[in-house]
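See structure below.
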Amino acid sequence: MASPPTYGQVLARFGHALSDPTRARLLLALREGPAYPADLADLLEVSRQNMSNHLACLRGCGLVVAVPEGRRSRYELADPRLAHALGDLLGVVLAVDPAACRAAEAGDPLPS
């Protein structure tokens, strides 16, 4: 029987999920509410295959769940507290470096 992950391992998975800009945007979209993969792909302007891969990663990290609805699956955050945590994380990032979002939106690398 495998031992449960440590806090460090859990945070590393969360960091891995957020390390990709598309996955970060996907989590922010799901923060607004559940959605279907095709709608998320259109919203984020990525291919459906690409969206499927990102959703699989986020499922593997334990951050999202698929809720079957007939022949389709709707995706949502695995825990409602994640929406609050993402908001808190955004607040911390902006408090530490308010220029970070402006640089990222402009496509520039983050200031060092």
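No experiment lies behind these values; they were computed from the predicted model shown.
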Kindly compute the distance separating [atom1] ([X]) from [atom2] ([Y]), expressed to the nearest 0.5 Å.
X	Y	atom1	atom2	value
D20	R25	CG	CZ	9.5 Å
H54	T22	NE2	OG1	4.0 Å
E45	M51	CD	CE	11.0 Å

Distance-only donor-acceptor pairs under 3.5 Å for side chains of residues 5-15, two or more places apart:
unit_1: T6; atom_1: OG1; unit_2: Q9; atom_2: N; d: 3.1
unit_1: T6; atom_1: OG1; unit_2: Q9; atom_2: OE1; d: 3.4
unit_1: Q9; atom_1: OE1; unit_2: T6; atom_2: N; d: 2.7

Side chains of residues 83-95: which donor-acceptor pairs under 3.5 Å do they make with residues two or more places apart or in other chains?
unit_1: H84; atom_1: NE2; unit_2: D88; atom_2: OD2; d: 3.3

Between R48 and P37, is there a donor-acceptor pair closer than 3.5 Å when you use the side chain of the first and the backbone of the second? no
Contacts of S19 meeting side-chain contact (heavy atoms from CB on, under 4.5 Å) (sequence neighbours excluded), chain-then-number -> H16, R23
Of all residues at least two apart in sequence or in a different chain, which pass the side-chain contact (heavy atoms from CB on, under 4.5 Å) check with A29? L40, L43
Identify every side-chain donor-acceptor pair in residues 60-80 under 3.5 Å, counting partners at least two apart or on other chains, and give the distances.
unit_1: E69; atom_1: OE1; unit_2: Y36; atom_2: OH; d: 2.2
unit_1: E69; atom_1: OE2; unit_2: R74; atom_2: NE; d: 2.7
unit_1: E69; atom_1: OE2; unit_2: R74; atom_2: NH2; d: 3.4
unit_1: R74; atom_1: NH1; unit_2: E76; atom_2: OE1; d: 2.5
unit_1: Y75; atom_1: OH; unit_2: R59; atom_2: NH1; d: 2.7
unit_1: D79; atom_1: OD1; unit_2: R81; atom_2: N; d: 2.8
unit_1: D79; atom_1: OD1; unit_2: R81; atom_2: NE; d: 3.1
unit_1: D79; atom_1: OD2; unit_2: R81; atom_2: NE; d: 3.2
unit_1: D79; atom_1: OD2; unit_2: R81; atom_2: NH2; d: 2.7

Who pairs with D42 by side-chain hydrogen bond (donor to acceptor under 3.5 Å, both in side chains), at least two apart in sequence or on another chain? none
